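What follows is a single structure, written as C-alpha cells, with notes after it.
Keep in mind that this is a model prediction, so the values were computed, not measured. So you know, we letter chains A, B, ... as the sequences are listed, proteins then strands, and number each from 1.
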Amino acid sequence: MRYFAKLQGQKEAVPVDIEPAGENRFKLTHGGKTFLVDALTLDHGAVSMLVDGTSYSVEFDEQGDEVLVSVRGQVNRIDVADERRLRLRAATAGFSVEGKQLISAPMPGKVVKVLVKQGDEVKEGQGLVVIEAMKMENELKSPKAGKVVELLAKEVTAVEINAKLVVVE
Amino acid sequence: MAKIRKILVANRGEIAVRVMRTCKELGIATVAVYSEADRSALHVRTADQAFLVGPPPSRESYLVQERILEAAKKAGADAIHPGYGFLSENASFVRACEKAGITFIGPPASAMDAMGEKTRARQNMIKAGVPVVPGTAEPIATVEEARAYAEKIGVPVMLKAAGGGGGKGMRKVERMEEFESSWRAAKSEAMNAFGNDAVYIEKYLEKPHHVEIQVFADQYGNTIHLNERECSAQRRHQKVVEETPSPILTPELRAKMGEVAVKAAKAVGYVGAGTVEFLVDVHRNFYFLEMNTRLQVEHPVTEWVTGLDLVAWQIKVAEGEKLPYTEAPTPNGHSIEVRVYAEDPARNFMPSPGRINYLRVPGGPYLRDDSGVFPGYTVPNTYDPMISKLSVWAPTRREAIERARRALTEYVVKGITTNTRYLRAILSHPEFAGGDYDTSFLTREHETLLGKGEDPQLTEAALLASVVYAYQRDQKKAKTLTQAPSEGGKGGISAWRQASRRGR
C-alpha cells in the first residue's frame with residue numbers, strides 16, 4: 001500500500017510503500033531503499049522500533065492532520081495520507097496552496113488586530129490577523145495571493161484553537 | 001535585624017516554586033499568590049498558604065500592589081520575594097512594602113530608581129566612570145539634532161526608546177538616508193509601547209557579545225561579583241541559552257569587568273542580588289548596557305559554578321547577614337542553561353499553550369530542571385511561554401554541551417509543542433561549539449537551526465514510523481467498519497494510536 005508523507009517545511013509529499021511482513025513487522029520502501037521495520041507497542045505509551053538492527057524509542061502525538069513523531073529528542077511534524085485521502089485533501093487544498101485557503105487560529109488567544117477587510121486583494125505572505133497569546137503578538141499570514149472572501153476575525157475578541165478567522169480564495 | 005519567618009512570593013511559575021524550595025530548606029514558611037488562571041499551578045501546591053489575587057491578566061492580579069500586600073498581611077508574612085518580572089523592579093512597590101512594615105527581598109527603591117530608566121542609568125554610570133556604549137546620555141528632542149549626532153559618531157547607530165525594553169522602539173540605522181524614517185518609526189513605537197516617545201542614540205556595535213556580571217551586596221557596603229554569564233544566544237532580545245564561564249573571557253577581562261560591575265552597583269547603593277549587563281565588542285572592549293535590579297532567570301548557572309544558593313543569600317542579606325566572601329569565588333567547572341519554551345520554532349515560534357498530556361523530564365548526574373509544570377497541567381495563554389529551565393554542570397565546556405544535548409533528547413512533552421529540538425540544534429551548531437557566537441548568531445543561523453540542524457537518520461526513522469502509524473490506524477479502522485459495532489470500546493483503535501493516547 002502506498003502512503004504520502006510530508007515533513008513540515010517541505011513542499012512535496014514523498015511516497016512510501018508499506019507491506020506487512022509478520023507480527024509487528026513491516027517492509028517499507030522509500031527513496032529507492034527497502035527497510036524491514038519491527039514496531040512493538042509498549043505499555044507506557046512508547047513504541048519500540050527496530051530498523052535493520054537500529055533501535056529507536058518513538059512517541060506519537062496527533063495534532064489535527066499531522067502526527068508529531070518524537071525520536072531521540074528530535075520531533076518531526078509529519079502529515080501522512082494514503083492516495084484516496086491525498087486526492088481528498090488536494091480538493092480541499094490540504095497538501096497545496098491551490099483553491100480556498102482557510103486561516104484558523106493556531107492557538108487560543110485574543111485577536112488584537114485585523115489587517116484586512118472583506119474583499120481585499122492580498123499577496124502571498126501578507127499579514128491578515130494578529131493574535132496575542134502568551135504575551136506575544138503573532139501575525140498570521142496569507143498562504144497565497146488572492147481575495148479575502150470571508151472575514152470572521154473581530155478585533156479584541158478571544159478565540160479558541162482552530163477558530164475560523166479568514167478565508168482567502 | 002530579625003529572622004524572617006514567613007515569605008510571600010509575589011510571582012508564579014518556575015521562579016515562585018524555586019524560591020519556595022529554598023525557603024523550605026531554610027525553615028521559612030511560604031505564601032503563594034495566584035490569579036484565577038493559576039488555581040491549578042504548581043506554586044500554589046508548593047506553598048504553605050495561598051491567596052487569590054484577581055483575574056488572569058497580570059495587570060489585574062500579580063501586578064496589583066494592594067492585593068499582594070493585602071495577602072501578605074492576611075497571611076502574616078514578614079517579607080516578600082518578588083522573583084523576576086511583575087513587581088520585581090518596581091520602586092513604588094518597594095516603598096509600599098516599607099510603609100506596610102514588610103521586608104522587600106531586593107535592593108532599596110533608590111537603587112531601582114537610579115537604574116530604572118535607561119538614559120538615567122547611562123548618566124549615572126558615566127558619572128561613576130563606567131564605560132557606556134558611545135551615544136547620547138539623554139533623549140534627543142529634534143530630528144535635526146539627532147541626525148547631526150548620528151553623523152558625528154557615524155552609522156550604523158541604534159535608536160532606542162528611553163523607557164524601553166523587549167526590542168520595542170528600537171531601530172538600527174545603517175545609512176543616513178534611512179535616518180528620518182527610522183527616527184519616526186522608533187518614536188511612534190515607543191509612544192505606543194511605553195506612553196513615552198523619548199528616544200536616544202547609541203553607536204551600533206558589530207557582532208557584540210552579551211556578557212553580564214552577577215553582583216551581590218550586603219547592607220554594610222560589602223559588594224562582590226560572582227563572575228559572568230554569557231547570554232549571546234538571543235532571539236528577539238530574549239535569551240535562549242546561557243552559560244558560565246563565558247568562552248570569550250580571559251581571567252584578566254573577567255577581573256576587569258567584575259571590578260566595573262561592583263563599581264556600578266556601589267555607585268547606586270545597591271543591596272542584594274543584581275546583574276550588570278555589558279556588550280563586549282570584537283576588540284574585547286566592554287560597555288555598560290543596563291542593570292537588572294533583581295534575581296535573573298539564568299541564575300542557576302552561577303549557582304552551579306559557585307556552589308552558592310543565590311535565593312538563600314538574598315534572604316540572608318535581607319535579614320542583615322554579612323556576605324560570606326570578600327572577593328569573587330573562582331568558577332568551578334562549566335554550566336549551561338537552556339530555556340524550554342511552549343512554542344513551535346517550525347511555525348515562526350508560535351506560542352503553544354494547552355494541556356500537557358505527558359511529561360518526561362530528563363535525569364542523570366549534574367542536571368537540574370527548574371520547572372513550573374507537571375503532567376496534566378494546562379499551560380495558560382495569559383503568561384510568558386517559558387515553562388522550564390534545564391541546566392547542567394560538567395568539569396569542562398565540551399562535556400557540559402554533551403550533557404545538555406543528552407538531557408534534551410530525554411525531554412518529552414506531549415500535548416503542547418516546545419522548542420527542545422531547536423535547543424539541541426543550537427547546542428549542536430559548530431559556531432556554538434566553537435564558543436565565539438555573538439548576539440546575531442540565532443538570527444543569522446535561523447534556517448540552519450530550524451531545518452538542517454536535524455539528524456537525517458532520525459528524520460528518516462520518524463518518516464517510517466509515521467507511515468507504520470498511519471497504516472495501522474487505517475487497517476484497524478477498516479477492520480472495525482467490517483465488524484459488528486458491538487465490539488466498541490478500544491476495538492477500533494490501533495495499537496499505535498492506543499500507545500499515543502496512553503501517553504496523554
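Salt-bridge annotation for B:Asp455 and A:Arg72: absent, with no side-chain N of the basic residue lying under 4.0 Å from a carboxylate O of the acidic one. In this structure, A:Glu66 pairs ionically with B:Arg347, as a charged nitrogen and a carboxylate oxygen lie closer than 4.0 Å.
For B:Leu458, the parts lying near chain A are the backbone and the side chain together; criterion is any non-hydrogen pair under 4.5 Å. For B:Thr459, the parts lying under 4.5 angstrom from a heavy atom of chain A are both the backbone and the side chain. Of the atoms belonging to B:Gln457, heavy atoms from both backbone and side chain fall under 4.5 Å from chain A. Residue contact with chain A, scored on non-hydrogen atoms closer than 4.5 Å, involves the side chain of B:Val412 exclusively.
By the neighbour-count criterion of 12 heavy atoms within 6.0 Å, atom NZ of A:Lys110 is sparsely surrounded, having that number or fewer from other residues, nucleotides or ligands.
Rounding to the nearest 0.5 Å places CZ of A:Arg77 at 4.5 Å from CG of B:Asp344. B:Arg421 contributes atom CZ, which lies 5.5 Å from atom CG of A:Asn76 (distance to the nearest 0.5 angstrom). Atom-to-atom distance recorded for B:Ile416:CD1 and A:Asp61:CG is 10.0 Å, nearest 0.5 angstrom. Rounded to the nearest 0.5 angstrom, B:Ser466 OG and A:Tyr3 OH are separated by 10.5 Å. Distance CZ/A:Phe60 to NZ/B:Lys414: 8.5 Å, rounded to 0.5 Å. With values rounded to the nearest 0.5 angstrom, B:Glu343 atom CD is found 10.0 Å from A:Asn138 atom CG.
Inter-residue side-chain proximity for B:Leu463 and A:Val14 is flagged as met; some heavy-atom pair is nearer than 4.5 Å. Looking only at side-chain heavy atoms (C-beta outward), A:Glu132 and B:Thr382 stay at 4.5 Å or farther from each other. Looking at B:Asn381 and A:Met107, their side chains never come closer than 4.5 Å, going by heavy atoms from C-beta outward. When side chains are defined from C-beta on, B:Tyr469 does not count as touching A:Ile78, because their heavy atoms never get closer than 4.5 Å. The shortest side-chain heavy-atom distance between B:Tyr341 and A:Met134 does not fall under the 4.5 Å cut-off.
Taking A:Ile131, A:Ile161, A:Val51, A:Leu28 one by one and counting their heavy-atom pairs under 4.5 Å with chain B, the maximum is reached by A:Leu28. The candidate with the highest count of non-hydrogen atom pairs below 4.5 Å against chain B, out of A:Ser70, A:Pro108, A:Gly31, is A:Pro108. For the options B:Gly354, B:Pro380, B:Gly415, heavy-atom pairs under 4.5 Å to chain A are most numerous at B:Gly415. Between chain A and the residues B:Ala462, B:Ala342, B:Ser58, the most heavy-atom pairs under 4.5 angstrom are made by B:Ala462. When each of A:Ile18, A:Val71, A:Leu7 is scored by its heavy-atom pairs under 4.5 Å with chain B, the top score falls to A:Ile18.
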Given side-chain contact (heavy atoms from CB on, under 4.5 Å), test B:Thr409 with A:Gln74 step by step and report yes or no.
CA-CA 7 Å; B:Thr409 64; A:Gln74 179 172 307; over 6 Å; no
*Would you please test B:Asp474 and A:Arg84 for salt bridge (charged side-chain N to carboxylate O under 4.0 Å, His left out) and show each step?*
CA-CA 12 Å; B:Asp474 295 348; A:Arg84 187 183 61 84; over 6 Å; no
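Counting only N and O atoms by type, the side chains of A:Asp82 and B:Tyr471 include no donor and acceptor under 3.5 Å apart.
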